[in-house]
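Let me begin by presenting the structure, written as structure tokens, before commenting on it.
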Amino acid sequence: MSEIEVDNLSHSNKNVATDNINNNNNNNSSNDIELETIPNDSYNNNNNNNNNNNNNNNNNNNNNNNNNNNNSSNDIELETEPNNRNNKNENNNKIENENEKINILLSIKLYFIQYFNKWKGGEKSPARADLEEIGWSWLSSFIGILVLALLHYRLTVEKETIFLLGSFAASAVLIFGAPKSPLAQPRNLVLGHIVSATVGSIIRVALVYTNAQTEVACALAVSLAIVGMHFTKSIHPPGGATALICVMSAEQRWRGFYYIFVPVASGSLTMLLTALIVNNFARKRKYPVFWW
């Protein structure tokens with residue numbers, strides 16, 4: 001080989017060697033850069049992770065705050081619900097009380113309207129009895145009271161007792177003036193007087209002879225006599241007078257229960273016998289309508 005070729009080869013070898021050195025330096029520098037960038041990346045990743053953790057913590061704190069807010073709002077709602085219920089209950093109670101008052105006032109008003117409407121009556125009065133009926137009423141009542149008066153003044157007065165009572169006059173109106181009335185039938189006439197006399201005698205012995213109030217005794221005698229006649233189905237209006245006479249009289253001959261038999265039982269039976277005889281003579285009359 002010539003010297004020129006040798007020089008060229010050596011020169012090319014030097015260039016190759018320098019290129020290899022440069023490549024190695026470049027590789028080392030890239031490795032250094034990579035080594036430098038790796039920690040930076042890991043640091044950045046750590047920072048990102050920390051930021052994410054902080055964000056998560058912030059989110060958790062926000063969630064906790066939201067939960068606390070929700071809990072506080074729930075507590076407020078729980079506190080306000082009973083108050084609202086109480087207010088509603090109070091309002092409902094007030095409305096109910098007002099409605100009750102209105103209903104009571106309306107009931108009272110309707111009661112008094114109906115009460116005073118009863119005063120108007122509404123039914124027609126019965127027709128007047130004919131002359132025949134009036135004549136028989138006069139004759140039969142005259143005979144009935146005459147019999148009692150004769151027995152009273154001719155027989156019992158001398159024996160310091162009586163046979164004639166004021167309540168018998170009221171009985172005469174019924175059995176001789178309205179013989180068809182249910183209140184004038186034998187059960188009502190006799191049993192009504194006997195029940196009333198029994199009640200009057202009990203009240204007189206219990207209250208009058210014990211120096212109790214006579215006013216109360218009079219009221220009890222009549223009212224309890226009516227109750228007794230109701231229970232025995234023997235309502236007879238003159239019976240109330242029989243009970244009242246028993247209480248008002250202070251005569252010693254009526255002491256005890258003798259009053260029930262004479263004049264009450266004996267007088268009512270005498271009137272019944274008179275009504276049976278006289279009433280059935282009339283053409284349009286039939287007495288009694290029923291016995292018991």
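- Side-chain atoms of Ser201 come within 3.5 Å of backbone N or O of Ala197 as a donor-acceptor pair.
- Scanning all heavy atoms of the two residues, the minimum distance from Met248 to Cys218 falls at CG-SG, 4.0 Å.
- Residue Glu132 holds its CD atom at 10.5 Å from OG of Ser137, rounded to the nearest 0.5 Å.
- Between Phe112 and Tyr115, the ring-plane angle classifies as perpendicular under the 30° and 60° cut-offs.
- One finds the NE2 atom of His193 at 10.5 Å from the CG atom of Leu269 (value rounded to the nearest 0.5 Å).
- The backbone N or O of Ala265 lies less than 3.5 Å from a partner atom in the side chain of Ser268, making a donor-acceptor pair.
- Under the 3.5 Å distance criterion, the side-chain polar atoms of Asn188 are left unmatched by any main-chain donor or acceptor of Ala184.
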For the pair Ile260 and Phe257, evaluate side-chain contact (heavy atoms from CB on, under 4.5 Å) and give the outcome as yes or no after the intermediate values. CA-CA 6 Å; Ile260 300 169; Phe257 295 92; 3.6 Å; yes

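- The CG atom of Leu183 sits 6.0 Å away from atom CG of Leu174, with the distance rounded to the nearest 0.5 Å.
- Considering every non-hydrogen atom in both Val195 and Gly228, the closest pair reads CG1-C, 3.8 Å.
- Hydrophobic clustering (ILVMFWY, side-chain heavy atoms < 4.5 Å, transitive): Leu110 and Phe116 are in distinct clusters.
- Between the CG atom in Leu150 and the CG atom in Leu155 there is a gap of 9.0 Å [rounded to 0.5 Å].
- Looking only at distances, a side-chain donor or acceptor of Arg285 sits under 3.5 Å from a matching main-chain atom of Phe176.
- Considering NE2 of His236 and CD1 of Ile226, their distance stands at 13.0 Å, rounded to 0.5 Å.
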For a side-chain contact (heavy atoms from CB on, under 4.5 Å) check, start with the C-alpha distance between Phe163 and Ser266, then their side-chain angles and the critical distance, and finish with the verdict. CA-CA 8 Å; Phe163 207 86; Ser266 57; 3.4 Å; yes

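- Contact between Ile145 and Phe168 at its shortest, heavy atoms only, is CD1-O, 4.1 Å.
- Note: the hydrophobic cluster containing Val173 does not contain Leu146 (ILVMFWY, side chain heavy atoms under 4.5 Å, direct or indirect links).
- Annotation: side chain of Trp136 is not in contact with side chain of Asn279 (no heavy-atom distance under 4.5 Å).
- Closest non-hydrogen pair, Ile134 versus Ala129, comes out as CD1-O, 3.5 Å.
- For Phe281, the CZ atom is loosely surrounded, since the number of other residues' heavy atoms within 6.0 Å does not exceed 12.
- With rounding to the nearest 0.5 angstrom, the CG atom of Asn92 is 11.0 Å from the CG atom of Asn97.
- Under a 3.5 Å cut-off, the side chain of Gln185 and the backbone N or O of Trp292 do not form any donor-acceptor pair.
- Applying the 6.0 Å contact sphere to CG of Leu131 captures no more than 12 heavy atoms from other residues, nucleotides or ligands.
- Follow the hydrophobic side-chain contacts under 4.5 Å out from Ile202 and you reach Leu165 in the same cluster.
- In the hydrophobic cluster analysis, where Ile, Leu, Val, Met, Phe, Trp and Tyr join through side-chain heavy atoms closer than 4.5 angstrom, Val278 is grouped apart from Val289.
- Judged purely by atom type and a 3.5 angstrom limit, Asn280 uses its side chain to pair as donor or acceptor with the backbone of Tyr287.
- Side-chain contact of Ser196 with Thr242: a donor-acceptor pair under 3.5 Å is absent, judged by distance alone.
- Residues Glu133 and Lys284 are not paired through a salt bridge, judged by the lack of any N-O separation under 4.0 Å between the basic side chain and the carboxylate.
- Scanning both residues, Met271 and Leu148, for their nearest heavy atoms gives CG-CD1, 3.4 Å.
- Within the 4.5 Å cutoff, no side-chain heavy atoms of Pro263 are placed close to those of Leu164.
- Ile194 and Phe231 fall into different hydrophobic clusters, defined by Ile, Leu, Val, Met, Phe, Trp and Tyr side-chain heavy atoms under 4.5 Å apart, directly or through other members.
- Here the closest non-hydrogen pair linking Gly177 and Pro179 is C-CD, 3.6 Å.
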